[in-house]
Amino acid sequence: MVKIVADSTCDLSPELVERFDLTIIPLHVLLGDKEYKDGVDITLPELFKWADENKTTPKTSAASLEDVMDVYKPIIDNGDEIIAFCISESMSTSGNVLRIAAEEIEAEDKVSVVDSQNLSTGIGLLVLKAAEMVAEGLGREEIVKKIEDIRPRVRASFVVDTLTYLHRGGRCSGVAAFAGSALKLHPRIEVVDGAMQPGKKYRGKYSSVVLNYVKDMKEDMMRADPTRVFITFTGVAKEIEDSVREYVESLNKFDEICITHAGATVASHCGYGTLGVLFIVEE
């Protein structure tokens, strides 16, 4: 049997984790000298409150080697194999920790680590595809090959309400952040080849910006894998969430629209008011 493991940056809801029998390894979030586990003992309101009071971005780090070994060992001891997904290796050392843990328990031949080359539910899309393949009875190596073929077709992007967090984290200059705030600019951030890149800049009221961003993806969404689409956010007004969901529903394209909250790791770098629509395009 193949078991699917993923680090917490996949941002999958507890319901999806249970439904697809997934195992999630939390990354660590540091608020000053206090350490928390993503998705376990830190909430987004607590994170944003601390960041705003301290005017800095929380630090994040990969899971410890011991944490990963504790997850792997019972699975391997049970005679199962593992496919472990990590956030893009250009963004974190998580993938390296996942590999070293397999070496430490002498299970390199039973553990495949997949660099998602993505973040948030861009990873989640691949994780769920892999879980579906497990249910179909495919083996570990065949699943990994198929996932690597799908990986370049993941479309992951988001728009931010504020540039403050990207600036604090060194992903946006102070001048750009100030200008963006003054001009009410909201950039689209896209994941390309495993890295975040700035895309189109939207201007105006955030509720209008978000809907324009989603509408700009209509052509891509109409050629998407219809299985599912994710609407993932760090915190937006209910009317904004509803307007995005209603628009995506109106396309009559997807079998399932998954609404999920981004975890503390992603939120630490993007801030409150970030929303993304993520899906896989067909060949």
Side-chain angles (χ1 to χ4, degrees), residues 2-12 14 16-17 20-42 47 57-78 80-131 134 140-141 143-145 147-148 151 154 156 169-171 191 193-196 262-270:
V2 178
K3 298 292 290 183
I4 304 298
V5 172
D7 72 35
S8 59
T9 59
C10 65
D11 288 346
L12 294 172
L16 288 170
V17 169
F20 287 90
D21 190 25
L22 308 171
T23 300
I24 304 298
I25 300 176
L27 267 69
H28 294 181
V29 180
L30 303 173
L31 305 186
D33 58 359
K34 293 185 178 179
E35 184 172 278
Y36 301 87
K37 289 188 175 182
D38 184 8
V40 177
D41 55 6
I42 179 70
L47 184 148
T57 297
K59 290 180 170 55
T60 58
S61 64
S64 70
L65 188 58
E66 292 74 19
D67 286 348
V68 181
M69 289 168 61
D70 286 345
V71 169
Y72 281 178
K73 200 165 187 313
I75 297 174
I76 298 301
D77 288 348
N78 193 48
D80 295 326
E81 295 185 315
I82 296 170
I83 299 175
F85 287 81
C86 66
I87 186 173
S88 175
E89 294 199 61
S90 68
M91 302 179 188
S92 171
T93 60
S94 180
N96 197 39
V97 174
L98 295 178
R99 287 191 190 87
I100 294 172
E103 294 170 5
E104 287 294 315
I105 64 169
E106 300 181 345
E108 304 101 304
D109 59 334
K110 295 181 181 178
V111 178
S112 295
V113 176
V114 176
D115 176 2
S116 69
Q117 296 181 9
N118 225 297
L119 54 71
S120 191
T121 45
I123 309 168
L125 286 161
L126 296 175
V127 169
L128 297 188
K129 281 293 183 189
V134 170
R140 175 170 57 92
E141 292 181 357
I143 293 172
V144 170
K145 184 179 184 307
I147 290 298
E148 288 174 345
R151 185 170 56 192
V154 173
R171 290 173 170 82
V191 180
D193 296 329
M196 290 192 294
T265 300
V266 172
S268 292
H269 300 289
C270 299

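The structure presented is a predicted model; accordingly, all values stated were derived computationally and were not measured.
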Full working for side-chain contact (heavy atoms from CB on, under 4.5 Å) between Ile83 and Ile147: CA-CA 11 Å; Ile83 299 175; Ile147 290 298; over 6 Å; no
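In this view, Ser90 and Ser88 satisfy the side chain to side chain donor-acceptor pair (under 3.5 Å) rule, not counting sequence neighbours. With sequence neighbours excluded, the residues satisfying side chain to side chain donor-acceptor pair (under 3.5 Å) with Asp21 are Lys3. Evaluation of the side chain to side chain contact (heavy atoms under 4.5 Å, CB included) rule for Thr9 yields Asp7, Leu27, Ile87, Ile123, Thr265 as partners, not counting sequence neighbours. For Val17, the side chain to side chain contact (heavy atoms under 4.5 Å, CB included) partners are Leu12, Leu22, Ile24, not counting sequence neighbours. For Lys145, the salt bridge (Lys or Arg N to Asp or Glu O under 4.0 Å) criterion is met by Asp149, not counting sequence neighbours. Applying the side chain to side chain donor-acceptor pair (under 3.5 Å) criterion to Lys73, with sequence neighbours excluded, gives Asp77. Taking Asp80 as the reference, nothing meets the salt bridge (Lys or Arg N to Asp or Glu O under 4.0 Å) condition, with sequence neighbours excluded. Residues forming a side chain to side chain donor-acceptor pair (under 3.5 Å) with Ser116 (at least two apart in sequence, or on another chain): none. Residues passing the salt bridge (Lys or Arg N to Asp or Glu O under 4.0 Å) test with Asp33, sequence neighbours excluded: none.
Between Asn118 atom CG and Cys10 atom SG the span is 11.5 Å, to the nearest 0.5 Å. Note that NZ of Lys34 and CD1 of Ile42 are 10.0 Å apart. Values are rounded to the nearest 0.5 Å. Between Asp11 atom CG and Thr121 atom OG1 the span is 6.5 Å, to the nearest 0.5 Å.
Proximity of Leu47 to Val29: side-chain heavy atoms (C-beta onward) are separated by under 4.5 Å at one or more points. Phe20 is not listed as a side-chain neighbour of Ile4, based on a closest heavy-atom distance of 4.5 Å or more.
Atom CD of Glu141 has 12 or fewer neighbouring heavy atoms from other residues, nucleotides or ligands inside a 6.0 Å radius.
Closest approach of Cys86 to Leu98, counting heavy atoms only: CB-CD1, 3.7 Å. For the pair Val127 and Phe85, the tightest heavy-atom approach, listed with the atom from each and the gap, is CG2-CG, 3.7 Å.
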Let me check something: any side-chain donor-acceptor pairs from residues 60-69 under 3.5 Å, sequence neighbours excluded? List them with distances.
residue, atom, partner, partner atom, Å
Thr60, OG1, His269, NE2, 3.2
Ser64, OG, Asp67, N, 3.0
Ser64, OG, Asp67, OD1, 3.3
Ser64, OG, Asp67, OD2, 3.2
Asp67, OD2, His28, NE2, 3.2

Identify every side-chain donor-acceptor pair in residues 100-115 under 3.5 Å, counting partners at least two apart or on other chains, and give the distances.
residue, atom, partner, partner atom, Å
Ser112, OG, Arg140, NH1, 2.7
Asp115, OD1, Glu89, N, 3.2
Asp115, OD1, Gln117, N, 2.9

